[in-house]
Number of protein chains: 2
Amino acid sequence: MAVKSDIEIARAATKRPIQDIGAKLGIHSDDLVPYGHDKAKVSQRLIDAVQDRPDGKLILVTAINPTPAGEGKTTTTVGLGDGLNAIGKKAVVCIREASLGPCFGMKGGAAGGGYAQVIPMEDMNLHFTGDFHAITSAHNLLAAMIDNHVYWGNTLDIDIRRVVWRRVMDMNDRALRQITASLGGVANGFPREAGFDITVASEVMAILCLARNLADLQKRLGDIIVAYRRDKTPVYCRDLKADGAMTVLLKDALQPNLVQTLENNPAFVHGGPFANIAHGCNSVTATTTALKLADYVVTEAGFGADLGAEKFMNIKCRKAGIAPACVVVVATVRAMKMNGGVAKADLGFENVAAVQAGCANLGRHIENVKSFGVPVIVAINHFVSDTEAEVDAVKAYVASQGSEALLCKHWAQGSAGIIDLATRVAEIADLDAANFAPIYPDAMPLFDKMQTIAQKIYRADGVIADDKIRDQLAQWENQGYGHLPVCMAKTQYSFTTDPERRGAPTGFTIPVREVRLSAGAGFIVAICGEIMTMPGLPRVPSAETIMLNEDGQIEGLF
Amino acid sequence: MAVKSDIEIARAATKRPIQDIGAKLGIHSDDLVPYGHDKAKVSQRLIDAVQDRPDGKLILVTAINPTPAGEGKTTTTVGLGDGLNAIGKKAVVCIREASLGPCFGMKGGAAGGGYAQVIPMEDMNLHFTGDFHAITSAHNLLAAMIDNHVYWGNTLDIDIRRVVWRRVMDMNDRALRQITASLGGVANGFPREAGFDITVASEVMAILCLARNLADLQKRLGDIIVAYRRDKTPVYCRDLKADGAMTVLLKDALQPNLVQTLENNPAFVHGGPFANIAHGCNSVTATTTALKLADYVVTEAGFGADLGAEKFMNIKCRKAGIAPACVVVVATVRAMKMNGGVAKADLGFENVAAVQAGCANLGRHIENVKSFGVPVIVAINHFVSDTEAEVDAVKAYVASQGSEALLCKHWAQGSAGIIDLATRVAEIADLDAANFAPIYPDAMPLFDKMQTIAQKIYRADGVIADDKIRDQLAQWENQGYGHLPVCMAKTQYSFTTDPERRGAPTGFTIPVREVRLSAGAGFIVAICGEIMTMPGLPRVPSAETIMLNEDGQIEGLF
């Protein structure tokens, strides 16, 4: 039998009306704001009404450093949610929304794969419920109000060379990375350098994903630093009186989106901040609402555990007052082999020694996650080419580290393939054995926070930064931003800043090239290496083959 | 009793579920794609299913030249729809969507006023069902693919000085009118001049509003001219293979949006092209679908009848194969006074002579509309300050022109105030007395089409254009575009190109400064005077006072 593609499986699925999915969580149809028949936002009224309920158990799915072999983190998140439902637990999945722009470049966004997917995947890869468009609008309204303020007299004394608020577009468009704006004469303003980032890189995205409610959202929007004066004092979004209108634009976008898995279980898909210059997790409103509605909430964090889980713990959990009861680290035999030095072309051949060599990467992530005081279990996401000896090698290695690894076949079998993991995860979570704490306190100086992450998580010798950066950090500490967590922007492919260094390297340093203050989101970004905030399209963009077929179905998007 | 504001009236309205509204038109709830509980798109399946039904009667609402006094064209369109329903007719309203960007500048968009409104007005002024965001995405995808093509080798030989496809944003942002893009070195492409228009000025908007179906949409998108080569031959959207992906992005946006009036009657709100560089009407899909679902369809066209009705007849009706059975010209006593020379501050004083003097403007519009072979009736949209003598003066003038004028009080009374007009309009439409024809044939040379509009509609001595423009028109005729209608981009405030010349001026010419080919939309644009395609924000943007109040309601948007 031919293996079906993700889209074939998704199209063959029997979708249930979104009201039925909401009913599984006890949500009345009046509290679902429908977007079509298969998507809905949860009403603010419901969110308010459930605030006093006890929280369910939070389960984080993270992964080893990503490789071209693919780890299947979202697939495992979705599969685990279905698996928990299959063993009779009331569980919900919380994942991120896909960005529209990149779908026209290389490939569609992540909604899982095989028999562990969230649907409707076409909508999730296109406009979905309009959240990203709302973020784009709110972001660019603020940008327009900055230049408009300067145009009409600049009473706030903005230095147009020091406007730090760029514009955004949900599109891969390298031509907009760096522009000169306001050309063409007096009527068009004062010419200045400007540029666009992709929408997921907007601080508004990070804010939306960290805000607890509308009031918190508006407060954070007001806190955004948009520019500096010649004396380097900051000008805030609030000074331009843009925070109210931005909140209005984001009012609906703040409400979590409910969809379903292939097995008709509920899934919240909400928010999608960059995982480098931002924290890379789905929204706090979705996660905290889900915790009130279900007994088990399975969520994921971007990239590998060195970036994603670290930020999930140190930024999202710290700020939202939540904590994971269990963490699942996803690994694959193929990725272990690549971490052990095998080239992608040779992945089809059994190579137990390479698997064993690559396990050092997994081992470090297990240790790291444990350092936050939370129980860890490893999910081996099965590929058809994996041999039993290779799988056993991973299991043996994990056992030697004092943890356990379970083989999961959710990609091929759906929930039936992940019953063992679901059962163990529920057991672990029910033990309430977690004793979660971030790995650095709020009060630690900013540079020391970076040093802590670099040494404890990456196992670097330390952070290198020149005096200019240290002076900047000191200035922010003096201005009252010293309590913020730091958000490391580093390659996801390695513990180091060199994407080629796989495995578990030692003997390296982390150079911080630049630091940025996201005062609204509430973190300091440390840029380590080249970070691209506006992608380009490839030589042959996938847009060239995306079209409607004769049945009105979308081809080429996935 | 204090007069209630529009938003107070709208909030006090009892909304019915959108499924109930659809049921009035015989639409099953399965064929409504809901966006919240009070908005829905009509499914493609339903649109396909009703194609063989007979058409209802089409009624166009147009107006005299707009003045700061306000004419209430949308208010009258909505009121007339309610009035027809009140006298037992199956009627539906078709109006345009509001643009989001300008709402943060001066004021909210038009959804009617008083007791003749379409709701939910907050949503209609914000993201609504996402149509404009989809247009923005599709437009900017094409823009990104142009620069990407040049970046990767430019096999189509695009002259980067001759890229005519700008970018768009649904925002008033003068800083983006003229920019230099692709700065910053090799990785960012080839520096070139570029710029942004507001989304409603996008040719994609005009195309969406003229397309009959998805296949026609894709064909028109493919026809867009995006750039020229050094030898001045055109490069099409189709050459970049962008038309398929753009169609996918616009798939849902092409489906008409159903909402309701304050009196719970159905209203389609769909599309909103500029009324100067485009044709300024709601979508063909909404109008033609409405004609299959209702016995009477009341729609409007942008600006005064010299621009809006002319384009409705010569572009939309010609291309869509539809024809109005009756045209309503909206006039107000206040606007007659202003056309008669009274300043806005003095409008509160009775001035019958000024009313009589101003009626010349109305008279010319009546004559013009009749020249298309369609019956005309005048609606006097009542203001509380109007005196009986003033109203009688308008009625007497219109009678002297061989038409009739009826006083309408829908703003204050809803359908009860417009029963007389509704009754007469239905009678006229039922007579089938219209003998509609555009005022110029497809085969007429392009310059002569402009001349015809200028002389027959504006009553100008003629069109002035230099040789360069005439050569351009000749070139397009040689390339096979000679059959297209022309779209005049002229001030809406006067028959002339001088916005200060009210009334019914004669002895002037129409200078055509520039011509543009909208090959996808299917018309030639003649630019007469300064036309702004990217507005700026005012000194104190309304965004500064737009916010959520303590009840979570939006303040300041209207």
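First the proteins, then the strands, lettered A, B, ... as listed; each starts at 1.
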Sequence neighbours left out, cut at 3.5 Å: what donor-acceptor pairs do the side chains of residues 179-188 of chain A make with other protein atoms?
residue: A:S182; atom: OG; partner: A:N188; partner atom: O; Å: 3.2
residue: A:N188; atom: OD1; partner: B:R177; partner atom: NH1; Å: 2.8
residue: A:N188; atom: ND2; partner: A:L183; partner atom: O; Å: 3.0

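- With rounding to the nearest 0.5 angstrom, the CG atom of A:L557 is 11.5 Å from the CE atom of A:M124.
- Neither the backbone nor the side chain of B:F190 comes within contact range of chain A, judged by heavy atoms closer than 4.5 Å.
- The pair A:R220-A:D243 fails the salt-bridge criterion, with no side-chain N (NZ, NE, NH1 or NH2) lying under 4.0 Å from an Asp/Glu carboxylate O.
- Comparing B:P34, B:A144, B:G244 by how many heavy-atom pairs each has under 4.5 Å with chain A, the most go to B:P34.
- For B:L537, the parts lying near chain A are the backbone and the side chain together; criterion is any non-hydrogen pair under 4.5 Å.
- Scanning residues 250-258 of chain A against chain B with a 4.5 Å non-hydrogen threshold yields A:K251, sorted by number.
- For chain B, the nearby part of A:P538 is the backbone; its heavy atoms alone come within less than 4.5 Å.
- Contacts between A:M246 and chain B at a heavy-atom distance below 4.5 Å are absent for every atom of the residue.
- When the candidates B:M145, B:E193, B:E122 are compared by the number of heavy-atom contacts under 4.5 Å with chain A, B:M145 comes out ahead.
- Looking at B:H127, the atoms closer than 4.5 Å to chain A (heavy atoms on both sides) all sit in the side chain, from C-beta outward.
- Ion pair A:D147/B:R174 not flagged as a salt bridge, since none of the NZ, NE, NH1 or NH2 atoms sits closer than 4.0 Å to an Asp/Glu carboxylate oxygen.
- Of the atoms belonging to B:D170, not a single heavy atom falls under 4.5 Å from chain A.
- Most heavy-atom pairs under 4.5 Å with chain A, from the set B:E544, B:M547, B:R539: that is B:R539.
- Both the backbone and the side chain of B:L141 come within contact range of chain A, judged by heavy atoms closer than 4.5 Å.
- Neither the backbone nor the side chain of A:T155 has a heavy atom closer than 4.5 Å to any heavy atom of chain B.
- When atom types are taken as modelled, the side chain of A:K39 and the backbone of A:Y35 share a donor-acceptor pair closer than 3.5 angstrom.
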